Amino acid sequence: MAKTKSSKQKNLLDEILIIFKGKSLELLISNRVIRKRLIRFVDKKIYQSLLENKNYPKKVQEDKYYMARSIILALNKAFEGAEKAPVVRKALVNSLIQNIFLNRNLQAEKFKKDFGRNPPVFLTISPGKFCNLHCIGCYANSSSVSSEKLDWDVLDRIVMEKTNLWGSRFTVISGGEPLLYKSHGKTIIDLAKKYPDNYFLMYTNSTLVDEEMAKKIAEAGNITPAISIEGLGKETDERRGKGVHQKILKAMENLRNAGVPFGVSFTATKNNAHLLMNDEFIDFWFNKQGAVYGWIFQLMPIGRASFDLMVTPQQRLEMFRRTQYLIKDRKIFIADFWNCGSVANGCISAGCENGYLYIEWDGNITPCVFNPYAVANINEVYKNGGTLNDILDKPFLQRIRRWQDDYALKQKPEDMGNWIMPCPIRDHYKEMRQFIEEDKPQPIDSAAEQALHDEEYKKKMINYDKSLAEVFDPIWENEYKKPKKDRESHS
């Protein structure tokens, strides 16, 4: 399947260059008139390719198309904002569009030949735990007294290996606050400059993005900051600290002036779910402030987060409907890592095809950011002569990937599990708890350890999933698995 995909991607790039008479992709995209033609051409090709695929329910493919269209328009917005930032524009073309979206991936093909499956497509790395804020409910439990960090040589090797072994050129940097990372005199900016063929998405609280830092990010070219917010001013300051909202607005101004594309990242809780994604929120961040994309994280009860802050099933449903509207009708690139499961073919954790692994500041490797149980430590892996490839077949990761296959990936469209309840640690906690108890990955902190011995926590999570299923299973059955004509006849 991967080979077919990469061939289609290569053919699409070839078609583009043939149609536009062999001009370089960078030159084509830099021309506004030609770029509009390119957008229409690529939009049509993606629609045809997705809707021709009968391996998934039609509405799943429609969801993917609307998301793909929103990404294309977001890229166009990024180019317009980087009009006077040639290094940024060049990185958008070469590092992001050409290397990640279009080019044939020879390293991935070699991995497929050697291991019989496609490699992960990216890593999320939290190189340091240190943070200048102390946010309520932080999943990473970061603070100004947290000094743990990856050594530069280890961080450097991780990015080198993911690029050379997997052909992975998309790297997510989280934290702690990434802009505070420094090891052997090296920073995240230095990392991005060393790997210009990678594109880096960096989650940041942005309070350190002054004019000088914005200029440094622009000079690297291949970094997009995803700025953490909680709503508007009141909500952000309540969770992140007084005055943080104003610092965020100043950081965004600095990034706009430097031509750096940025997005917003927000955590949905029971207290702010009704505010997120309403018209005032969307217009303020995407229109007035110029955000190119948005990531939605529904609060998970890990780290400093309380179970009582989780969004309710009904709130999640309202967010699901609103997200679909924003993507389809307003054409905004906004992704909810749970409610947009149909776009990503469900769970993307455990190093699955089209998925990722998570490596944190002390070297622990977990299936994802929100599954706090480690299968190995990268420092020990390297010390023992191993590579990233040696991690992928750890029993816990294999177990999760088998669950992904059995749940939906290897099922017929009519038999697939519910991809709008895609997450094993969040939406199927009973099964995940069994995997943890049998494979015995190591808790990464005291909160993760305590959860394994807290029967009340287990009970709450399982009951929460039952309530979710009551809300979302009928939607999956009636809106996704039934053919459109059957859905219409029952409406």
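Keep in mind the model is a prediction, meaning the values are calculated, not measured. In what follows, every heavy atom counts, from backbone to side chain, and hydrogens, waters and symmetry copies are set aside.
Counting heavy atoms from C-beta outward, Tyr293 and Thr224 have side chains that approach closer than 4.5 Å. Annotation: side chain of Ser349 is not in contact with side chain of Asn371 (no heavy-atom distance under 4.5 Å). Contact check for Tyr382 versus Asn377: no side-chain heavy atoms found under the 4.5 Å cut-off. In this structure, Phe262 and Val292 have side chains that are not in contact, with every pair of non-hydrogen atoms separated by 4.5 Å or more. Under the 4.5 Å side-chain criterion, counting only non-hydrogen atoms from C-beta, Arg433 is in contact with Lys458. Side chains of Ser95 and Arg169 form no contact here, defined as non-hydrogen atoms less than 4.5 Å apart. Inter-residue side-chain proximity for Glu360 and Thr366 is flagged as unmet; no heavy-atom pair is nearer than 4.5 Å. Looking only at side-chain heavy atoms (C-beta outward), Ile391 and Val381 come within less than 4.5 Å of each other.
Remark: Arg89 fails to qualify as a cation-pi partner of Phe79 under the 6.0 Å distance and 45° angle criteria applied to the six-membered ring. Taking the centre and axis of the six-membered ring of Phe333, the NZ or CZ atom of Lys77 falls outside the cone set by 45° and 6.0 Å. Geometrically, Arg426 does not engage Phe370 in a cation-pi contact defined by less than 6.0 Å to the ring centre and at most 45° from the axis.
Rounding to the nearest 0.5 Å places CD of Glu230 at 11.5 Å from CG of Leu275.
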Applying salt bridge (Lys or Arg N to Asp or Glu O under 4.0 Å) to Lys58 and Asp63, what does each step give before you reach the verdict? CA-CA 9 Å; Lys58 185 176 180 181; Asp63 286 355; over 6 Å; no
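Using a 30° and 60° split on the angle between ring planes, Phe307 and Tyr464 fall in the perpendicular class, above 60°. Note: Tyr407 and Trp403 have parallel aromatic rings, judged against thresholds of 30 and 60 degrees for the angle between ring planes. Using cut-offs of 30° and 60° on the angle between ring planes, the pair Tyr429 and Tyr457 is perpendicular.
Evaluated for a side-chain contact (heavy atoms from CB on, under 4.5 Å) with Pro225, the options Ile173, Val260, Val264 yield exactly one hit, Val260.
Remark: side-chain polar atoms of Asn463 are paired, donor with acceptor, to backbone N or O of Lys459 under 3.5 angstrom. No side-chain donor-acceptor contact under 3.5 Å links Ser49 to the backbone of Ile46.
No more than 12 heavy atoms of other residues, nucleotides or ligands lie within 6.0 Å of CD in Glu280, so this atom counts as exposed by the packing criterion.
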